[in-house]
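Just so we're on the same page: letters track the sequence lines, and every chain starts at 1. Computed from a prediction, not measured in an experiment: that's the story for all the values here. As a basis for the values below, the full set of heavy atoms in this structure was taken, side chains included, without hydrogen atoms, waters or symmetry mates.
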Number of protein chains: 2
Amino acid sequence: MVAQTAVHARRLVGEEFIAAGARGYHYRVLAALQEFGPASQAELGRRCRMDRSDVVVAVTELEGQGFVERAADPADRRRNTVTITRAGTQQLRRLDRTLDKVQDELLAPLSATERQTLVALLGMVVKHHGGAPTS
Amino acid sequence: MVAQTAVHARRLVGEEFIAAGARGYHYRVLAALQEFGPASQAELGRRCRMDRSDVVVAVTELEGQGFVERAADPADRRRNTVTITRAGTQQLRRLDRTLDKVQDELLAPLSATERQTLVALLGMVVKHHGGAPTS
DNA sequence: CCATATCGTTGGTGTCGCCAACGATATGGA
DNA sequence: TCCATATCGTTGGCGACACCAACGATATGG
């Protein structure tokens with residue numbers, strides 16, 4: 001059922017992301033920054049449904065790749081303001097394209113109408129369980 | 001999309017399985033044994049799409065719980081023949097029930113017809129990518 | 001008889017999701 | 001004003017899942 005499909009999706013996405021030097025966490029952070037703008041790490045964790053500690057790691061790695069910037073928040077010195085860079089936006093676009101590709105591959109056996117139906121149904125499920133419908 | 005839904009499914013299933021003292025690997029092994037009968041560990045790995053090394057661990061744990069039995073195969077001394085026990089069958093039934101419950105919970109926002117549609121579509125996807133339609 | 005393959009096992013890697021604890025900082029109420 | 005409380009970033013750890021490499025033991029085909 002869902003789990004089975006998820007296995008394939010994960011494997012396909014994983015392979016492609018490794019080739020792009022990224023992980024799921026990286027994509028989520030970049031997507032959240034692009035969509036909602038700069039944020040503190042704790043805020044990113046809430047947006048991406050990630051643990052704060054995992055945000056730390058992801059942001060550090062993204063910073064090392066030049067895809068985000070960390071800056072101390074002058075208004076609240078507990079916070080780091082994380083901002084996506086130009087290179088980060090480009091990386092996000094790249095990852096978005098590979099995700100589209102993978103989705104095409106995954107849903108290959110379905111017609112366009114069936115895909116729409118599937119996505120709509122899954123969207124309802126995710127929404128009901130309190131999820132933001134990202135990707 | 002699929003990944004989002006999978007997260008919820010995993011979380012729900014995980015919670016219930018932990019309460020039952022089981023893991024996903026345990027369920028897969030028990031289900032394969034119940035459906036196709038006794039098998040060597042390598043054969044189980046193929047049926048469940050699990051790595052041989054992970055089968056070793058799962059079978060060892062299931063053996064410790066009395067849910068399966070390991071016996072040297074006299075016809076091929078490389079093999080262990082794994083057999084499900086009565087207790088194992090009961091455990092499998094328990095896990096099946098919790099899976100049904102979780103699926104109900106997960107697909108709560110969908111009507112009966114929509115559920116059928118969703119399962120059918122996912123079944124097509126899994127089948128296309130070379131999966132045995134278990135659960 | 002020997003190369004090759006399979007089997008069970010051990011040990012390791014990476015991703016994801018989560019939790020506990022810490023020091024630093026903000027904030028609200030006494 | 002001071003102090004309890006909460007939040008933030010960070011470190012370190014754990015479990016589940018999926019995978020890989022290598023080993024000795026055993027089967028099997030040429």
Would you call B:L99 and B:F17 a side-chain contact if the rule is heavy atoms closer than 4.5 Å?
yes

Position toward the 5' end of DNA chain D (nearest nucleotide), A:R11 or A:S40
A:S40

Between A:E35 and A:R47 (salt bridge meaning N to carboxylate O under 4.0 Å), is one present in this structure?
no

Can you name the side chain to side chain donor-acceptor pair (under 3.5 Å) partners of B:E63, sequence neighbours left out?
B:R70

Do B:M50 and B:L44 touch side chain to side chain, with heavy atoms closer than 4.5 Å?
no

Do the side-chain N or O atoms of A:R46 get closer than 4.0 angstrom to the phosphate oxygens (OP1, OP2) of D:dT7?
no

With sequence neighbours left out, the residues meeting salt bridge (charged side-chain N to carboxylate O under 4.0 Å, His left out) with B:R115 are B:D104

Taking the side chain as every heavy atom from C-beta outward, state whether A:Y25 and A:V55 have any atom pair closer than 4.5 Å.
no

Find the distance A:D51:CG to D:dC8:P and express it as a whole number of Å.
13 Å

Residues in side chain to side chain contact (heavy atoms under 4.5 Å, CB included) contact with B:R77, at least two apart in sequence or another chain:
none

Nearest-nucleotide wise, let me know which of A:H26 and B:T81 is further upstream toward the 5' end of DNA chain C.
B:T81

Let me know the distance between OH of A:Y27 and C1' of C:dC16, rounded to the nearest Å.
17 Å

Those residues at least two apart in sequence (or on a different chain) that pass salt bridge (charged side-chain N to carboxylate O under 4.0 Å, His left out) with A:R10 are none

Between C1' of D:dG9 and CD of A:E61, the distance in whole Å
16 Å

To the nearest Å, how far apart are A:Q41 CD and D:dG9 C1'?
6 Å

Could you pull out all residues at least two apart from A:D76 that satisfy salt bridge (charged side-chain N to carboxylate O under 4.0 Å, His left out)?
A:R78, A:R79

Under the rule for side chain to side chain contact (heavy atoms under 4.5 Å, CB included), what residues qualify as partners of A:A20, not counting sequence neighbours?
A:L95

Mind checking salt bridge (charged side-chain N to carboxylate O under 4.0 Å, His left out) for A:R93 and listing every partner two or more places apart, or none if nothing turns up?
none

Using a cutoff of under 3.5 Å, can you pull out all pairs of nitrogen or oxygen atoms linking the protein to nucleotides 22-25 of chain C, with atom names and distances?
none

Got a donor-acceptor contact below 3.5 angstrom from the A:Q91 side chain to the A:H26 backbone?
no

Under-3.5 Å N/O pairs linking protein and nucleotides 12-15 of chain C:
none

Set out, line by line, the N/O atom pairs under 3.5 Å between protein and nucleotides 1-4 of chain D.
none

Could you write out DNA chain D as a dot-bracket string, with dots for unpaired bases, | for bases paired across to another strand, and Watson-Crick or G-U pairs counted at under 3.5 Å?
||||||||||||||||||||||||||||||

For B:T83, give me all partners under side chain to side chain contact (heavy atoms under 4.5 Å, CB included), at least two apart in sequence or on another chain.
B:P38, B:T81

C:dC16 C1' sits how many Å from A:M50 CE, rounded?
10 Å

For A:R70 and D:dC8, give me the distance from atom CZ to atom C1', rounded to whole Å.
12 Å

Is any side-chain N or O of B:R10 closer than 4.0 Å to OP1 or OP2 of C:dC18?
no

Would you classify A:N80 as touching base, sugar-phosphate or nothing, given that sugar-phosphate means primed atoms plus P, OP1 and OP2, and contacts are heavy atoms under 4.0 Å?
sugar-phosphate

With a 4.5 Å cut-off on side-chain heavy atoms, are B:R23 and B:V57 touching?
yes

